[in-house]
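Structure record follows, encoded as structure tokens.
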Amino acid sequence: ADAVNYLLSKKHYLEDKYSKEKLVRNHLERELRKVTSKIQNLQGLIERGTKEEEYNKFGKLLLTNLSSIKNRISSIIVEDIISGGEKIKIDLNPSLSPQKNVEYYFDKSRSEKIAFAKKIAFAKHLQLFENAKEDYKRLKKLENSLSEIDSIKELDELMKTLRIKQPLESNAKEDLSAKFKQYLIEGKYKVYVGKDSKSNDLLTTRFAKQNDYWFHVRGSSGSHCVLRVENIKEPIPKNILKKTAAIAAFHSKSKTAGVVPVAYTFKKYVVKKKGDPSGTVRLLREDVLLVKPEIPAGCEYVIDE
């Protein structure tokens with residue numbers, strides 16, 4: 001009897017230890033992915049800086065060559081009189097007039113200036129970058145030392161340090177947001193993107209709220225895209241809608257096109273009938289935005305968890 005009790009006690013001990021080790025390891029892996037993504041984003045910001053001057057130059061060059069811009073052309077090659085006289089190619093929106101194309105680049109230049117001004121100073125970016133690298137080293141060290149922990153007491157202390165709570169099965173809720181690609185625009189607006197037809201259905205029918213904005217490229221297959229509306233009393237700026245539409249266009253088979261029409265509406269006007277194929281929905285009403293497929297400035301990719 002004593003031997004049986006010992007074996008049962010040992011079995012329970014090992015199961016508890018394995019369960020806690022798994023929780024800690026999964027937590028560390030998630031945190032490492034987050035920090036890695038943060039390092040990449042900060043490195044990109046440090047290297048990229050701002051395109052304010054480039055867009056401003058494009059606007060000035062187009063204005064100088066306004067009479068040479070024909071309607072419905074997608075690009076023009078002009079002499080770069082601002083930076084040395086070399087030939088330079090400038091992309092155009094064929095659906096806009098020559099004057100509107102000029103205004104587009106001046107608007108982009110102003111947007112870049114505003115977006116960059118809202119971010120913390122360059123020195124702070126560098127400090128955040130160094131902090132993120134230190135976080136990565138610390139997490140990696142904990143991950144490597146996990147296999148050396150022998151007692152549940154040590155695991156409990158590590159879980160307390162990392163603020164990991166052991167979930168109760170009955171209360172555990174599935175985090176659907178982890179099933180989609182996620183972006184953050186201007187540090188405030190959350191955007192969720194389906195990964196495939198099954199994920200699109202889940203995003204639209206179960207995750208999206210009635211007053212969230214829903215986006216999908218017109219005339220082509222692509223991901224469903226949802227812009228979360230946290231406060232229905234606060235209007236979403238038009239430039240945020242355009243940036244979300246650009247993300248939707250980027251995650252479609254039209255991502256290499258110059259300009260793409262993207263349908264958008266509130267989720268409450270998106271319906272799925274019984275028997276509709278996976279990823280297929282119907283819109284009761286919609287508006288359309290013409291955008292360039294891209295991950296726009298001021299948009300940060302949030303790593304999948």
Output yes when a side-chain donor or acceptor of T205 lies under 3.5 Å from a complementary backbone atom of D201, and no otherwise.
-> yes
About how many Å separate NZ of K34 and CZ of R30, when rounded to the nearest 0.5 Å?
-> 7.0 Å
Between N239 and E186, does any side-chain donor sit less than 3.5 Å from a side-chain acceptor?
-> yes
Give a yes or no answer on whether the side chain of T36 reaches the backbone of L32 with a donor-acceptor pair at less than 3.5 Å.
-> yes
What's the spacing between I90 CD1 and S75 OG if we round to 0.5 Å?
-> 9.5 Å
Carboxylate-amine/guanidinium contact E54 K57, below 4.0 Å = no
May I ask you to say whether R218 pairs ionically with E286, meaning some side-chain N is under 4.0 Å from a carboxylate O?
-> yes
Salt bridge (Lys or Arg N to Asp or Glu O under 4.0 Å) between K108 and E53, worked out = CA-CA 10 Å; K108 288 275 282 185; E53 291 185 7; over 6 Å; no
If every non-hydrogen atom of P94 is compared with every non-hydrogen atom of L92, which pair is closest and at what distance?
-> CD-O, 3.3 Å
Crowded around K190 NZ? As in, over 12 foreign heavy atoms under 6.0 Å?
-> no
Between F58 and Y105, how do the two ring planes meet: parallel, tilted or perpendicular, split at 30° and 60°?
-> perpendicular
Within 45° cone and under 6.0 Å: K133 NZ/CZ vs Y136 ring | no
Just by modelled atom types, is the E15 backbone N or O under 3.5 Å from a matching donor or acceptor in the S19 side chain?
-> no
For V102 and G59, the nearest pair of non-hydrogen atoms, with its separation, is CG1-O, 3.7 Å
Go through the steps for N26 and K22 under the test side-chain hydrogen bond (donor to acceptor under 3.5 Å, both in side chains), then give the verdict.
-> CA-CA 6 Å; N26 288 343; K22 187 176 180 181; over 6 Å; no
Rounded to the nearest 0.5 Å, how far does OH of Y264 lie from CD1 of I236?
-> 11.5 Å
Enter the distance from K60:NZ to L63:CG here, rounded to the nearest 0.5 Å.
-> 10.0 Å
Straight-line distance of K181 NZ to L203 CG, nearest 0.5 Å | 12.5 Å
Joint hydrophobic cluster, V262 plus L290, side-chain heavy atoms closer than 4.5 Å | no
Would a 4.5 Å heavy-atom cut-off, applied to side chains only, mark K209 and N211 as touching?
-> no
Between K137 and E134, does at least one N-O distance fall below 4.0 Å, as a salt bridge requires?
-> yes
Taking ring pair (Phe, Tyr, Trp, His ring centres under 6.0 Å) as the test, write out the residues that go with Y192, two or more places apart.
-> F207
So which heavy atom on C225 is nearest to which on V193, and how close?
-> SG-CG2, 3.9 Å
Say you draw a straight line from CG of D80 to NZ of K89; how long is it, rounded to the nearest 0.5 Å?
-> 15.5 Å
For K198, look at atom NZ and say whether over 12 heavy atoms of other residues, nucleotides or ligands are found less than 6.0 Å away.
-> no
Contacts of type ring pair (Phe, Tyr, Trp, His ring centres under 6.0 Å), residue Y183, not counting sequence neighbours | H251, Y301
N-O pairing of E52 and R110 below 4.0 Å | no
Determine whether L61 and I73 fall in the same hydrophobic cluster, where Ile, Leu, Val, Met, Phe, Trp and Tyr are linked whenever their side-chain heavy atoms lie under 4.5 Å apart.
-> yes
Does a side-chain N-to-carboxylate-O contact under 4.0 Å join D150 and K17?
-> no
In terms of hydrophobic clusters joined by side-chain contacts under 4.5 Å, are V288 and V270 together?
-> no
When every non-hydrogen atom of L284 is compared with those of K268, the smallest separation belongs to CD1-O, 4.5 Å
Would you please test D276 and R282 for side-chain contact (heavy atoms from CB on, under 4.5 Å) and show each step?
-> CA-CA 9 Å; D276 281 349; R282 309 179 192 197; 2.8 Å; yes
Can we say K20 and D156 salt-bridge, meaning some charged N sits less than 4.0 Å from an Asp/Glu carboxylate O?
-> yes
State, with a plain yes or no, whether a side-chain heavy atom of M159 is found less than 4.5 Å away from one of V24.
-> yes
Side-chain contact, heavy-atom cut-off 4.5 Å: L28 with L162?
-> yes
Compare all side-chain heavy atoms of F215 with those of L227 and state whether any distance is below 4.5 angstrom.
-> yes
Please determine, by modelled atom types, if E154 and S151 share a side-chain donor-acceptor pair under 3.5 angstrom.
-> yes
May I have the step-by-step check of side-chain contact (heavy atoms from CB on, under 4.5 Å) for Y189 and I240, ending in yes or no?
-> CA-CA 8 Å; Y189 300 95; I240 301 300; 3.7 Å; yes
Is there a side-chain contact between L155 and L23, using heavy atoms and a 4.5 Å cut-off?
-> no
Can we say E21 and R25 salt-bridge, meaning some charged N sits less than 4.0 Å from an Asp/Glu carboxylate O?
-> no
For D107 and Y55, what are the C-alpha separation, side-chain angles and deciding distance, and is it a side-chain contact (heavy atoms from CB on, under 4.5 Å)?
-> CA-CA 9 Å; D107 286 343; Y55 290 143; over 6 Å; no
Any donor-acceptor pair under 3.5 Å linking the side chain of K100 with the backbone of S95?
-> no
Run through H216, K272, K267, H224 and flag the one making a side-chain hydrogen bond (donor to acceptor under 3.5 Å, both in side chains) with T204.
-> H224
Does the side chain of I247 come within less than 4.5 Å of P296's, by heavy atoms?
-> yes
Output yes when a side-chain donor or acceptor of S145 lies under 3.5 Å from a complementary backbone atom of L142, and no otherwise.
-> yes
So which heavy atom on S68 is nearest to which on I76, and how close?
-> O-CD1, 3.9 Å
Basic-acidic side-chain contact under 4.0 Å: E31, R163 = no
Work out which heavy atom in N56 is nearest to a heavy atom in F106; give both atom names and the distance.
-> O-CE2, 3.7 Å
Whether D212 side chain and V229 backbone form a donor-acceptor pair below 3.5 Å = yes
Tell me whether I81 is reachable from I77 by hopping between hydrophobic residues (I, L, V, M, F, W, Y) whose side-chain heavy atoms are closer than 4.5 Å.
-> no
Do K292 and V259 have side-chain heavy atoms sitting under 4.5 Å apart?
-> no
Can you find a pair of side-chain heavy atoms, one from V271 and one from V281, that are under 4.5 Å apart?
-> no
Short side-chain to backbone donor-acceptor contact, S223 and G194, under 3.5 Å | yes
Can you tell me if N101 uses its side chain to pair, donor with acceptor, with the backbone of N93 under 3.5 Å?
-> yes
